[in-house]
Amino acid sequence: MVLPIADSTSLRALLNEHTALAAPELTRIEPDGTLRCLACGHRCRIKEGRHGVCRVRFTRDGELRVPFGYAASIAIDPIEKKPFFHAYPGTDALSFGMLGCDFHCGYCQNWVTSQTLRDDRAVAEPRFVTAEKLVQAALDNGCRVLTSTYNEPLITSEWAVEVFKTGKQAGLVGSYVSNGNGTPEVLEYLRPYVDLYKVDLKAFRDKTYRELGGTLQNTLDTIRRLKELDYWVEIVTLIVPGLNDSVEELTEIADFLTGVSPDIPWHVTAFHPDYQMTDPPRTPVETLLRAYEIGRSAGLRFVYPGNLPGAVGECENTHCPDCREILIERHGFFVVRNSMRGSCCGACGATVPGVWPENSPSSSVGTGIPRPAGV
Ligand code: SF4
Ligand code: SF4
């Protein structure tokens, strides 16, 4: 059921009714009795009747209430669009999002859902669903993966866990597309249900992070912690001209990632003007290719320039790290050809880091076409 929303006041009233009690793992009672939320790096201390920075987790009658039982966006996307390039290539992911975010990025492409209750123009219409219905839609459409995305999934982790728990029983894999503003507590809480985790490493300057609504250190700590907990991690840096595109800053990002693991795929993607950030020009292809070279020189084994399909030549493909054979040939989100044998190079047998289906076919082709899910 989709309900028409007139304004943010009626939306808040509606959302306040579609909540659950926060997970005990994500709640702390302070010595003075106030509640602290541990779902994201803000660690908000929330007095009775107030909400946290994200606006969607709030206290009522001495309880921390959290979003539950709805989706603001649902779609079936190629997993390459998340983007995960080293997990179940050529398969589809049922993607769902709720409302709200703990950041306020000026270039947010999902601002209508992420900036709900912060920006009066961001008024989306939630659709009330059950975990079972989402999972059934994924199965009906042949999806292998469930993805919590479109808003910041950390702030709605209880709902994601509910969906992923149900999905796991049906053989589906859980994944997060996140800004990485995590806490050790939420990463431990999610680990039984989330296998794939994409983090936006948006910059390597704390000043930039504070303008977007977070801190650099917290994102770096999250990336390290995710690897320690053995999540499959891929990183995206949206390269915005004038914001984070200097050789120096890109080199610092690449050096940091190499230090965590040279096997982390790094997606360096092109910016286009959106929402409140309309001044910077689109990212030129030369900048993406420079970022690619910086990543490779730093020691990263897999760097993918993105958002400019067909413009970056061979760089869209996955090459064997040993013999350099093309293993997965792509055009944008399309898998054109896959010559891997399970988790190994089909030519030399070298192991390729990632989460690969057993006995992956010698050739598979994704549709590359996002489509709405029939829920
Ligand atoms: S999810 Fe983050 S921003 Fe929202 S209440 Fe919890 S700590 Fe605060
Ligand atoms: S963290 Fe992501 S969803 Fe949130 S405002 Fe930034 S770009 Fe949008």
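All values derive from a computational prediction rather than experimental measurement. Whatever order the structure lists ligands and atoms in, that order sets their numbers, starting from 1.
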Do [X] and [Y] meet the criterion of a side-chain donor-acceptor pair at a distance under 3.5 Å?
{"X": "Tyr197", "Y": "Ser178", "result": "yes"}
{"X": "Arg65", "Y": "Thr19", "result": "yes"}
{"X": "Tyr275", "Y": "Asp119", "result": "yes"}

Heavy-atom distances under 4.0 Å are what count here, so tell me which part of Arg118 touches ligand 2: side chain, backbone, both or neither.
neither
Measure the distance from [atom] to every protein heavy atom, then report the residue, atom name and distance (to 0.1 Å) of the closest one.
{"atom": "atom 3 (S) of ligand 1", "value": "Cys54 N, 3.3 Å"}
{"atom": "atom 2 (Fe) of ligand 1", "value": "Cys40 SG, 2.3 Å"}
{"atom": "atom 8 (Fe) of ligand 1", "value": "Cys44 SG, 2.3 Å"}
{"atom": "atom 4 (Fe) of ligand 2", "value": "Cys101 SG, 2.3 Å"}
{"atom": "atom 6 (Fe) of ligand 2", "value": "Cys105 SG, 2.3 Å"}
{"atom": "atom 5 (S) of ligand 1", "value": "Gly52 CA, 3.6 Å"}

Determine whether the aromatic ring centres of Phe164 and Tyr193 lie less than 6.0 Å apart.
no
Do His267 and Phe85 have ring centroids that are under 6.0 Å from one another?
yes
Those atoms of ligand 1 less than 4.0 Å from some heavy atom in [X]:
{"X": "Ile46", "value": "5 (S)"}
{"X": "Arg57", "value": "1 (S), 4 (Fe), 5 (S), 6 (Fe)"}
{"X": "His42", "value": "3 (S)"}

I need the atoms of ligand 2 closer than 4.0 Å to a non-hydrogen atom of [X], numbered in the order shown.
{"X": "Ser114", "answer": "3 (S), 5 (S), 8 (Fe)"}
{"X": "Gln115", "answer": "5 (S)"}
{"X": "Asn179", "answer": "1 (S)"}

Non-hydrogen atom of Thr183 closer than 4.0 Å to ligand 1
no
Is there a heavy atom of Gln109 sitting under 4.0 angstrom from any atom of ligand 2?
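Judged by the 4.0 Å heavy-atom criterion, Gln109 does not count as contacting ligand 2.
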Measuring to atom 6 (Fe) of ligand 1, does Cys37 have an N/O/S atom at a distance below 2.8 Å?
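For Cys37, the answer is yes, given that an N, O or S atom comes within less than 2.8 Å of atom 6 (Fe) of ligand 1.
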[X]/[Y] ion pair, N-O < 4.0 Å:
{"X": "Glu228", "Y": "Arg224", "value": "no"}
{"X": "Arg210", "Y": "Asp206", "value": "yes"}
{"X": "Glu234", "Y": "Lys82", "value": "no"}

Heavy-atom distances under 4.0 Å are what count here, so tell me which part of Asn181 touches ligand 1: side chain, backbone, both or neither.
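Under 4.0 Å from ligand 1, Asn181 contributes no heavy atoms.
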Looking only at heavy atoms, is any part of Arg43 under 4.0 Å from ligand 1, and if so is it the side chain, the backbone, or both, or is it neither?
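Just the backbone.
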Is a donor on one side and an acceptor on the other found under 3.5 Å between the side chain of Asn141 and the backbone of Ala137?
yes
Nearest 0.5 Å, please: how far is CD1 in Ile326 from CD in Glu314?
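The distance works out to 4.0 Å.
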Might you work through the salt bridge (Lys or Arg N to Asp or Glu O under 4.0 Å) test for Asp32 and Arg45, ending with a clear yes or no?
CA-CA 11 Å; Asp32 66 357; Arg45 188 168 157 268; 2.5 Å; yes
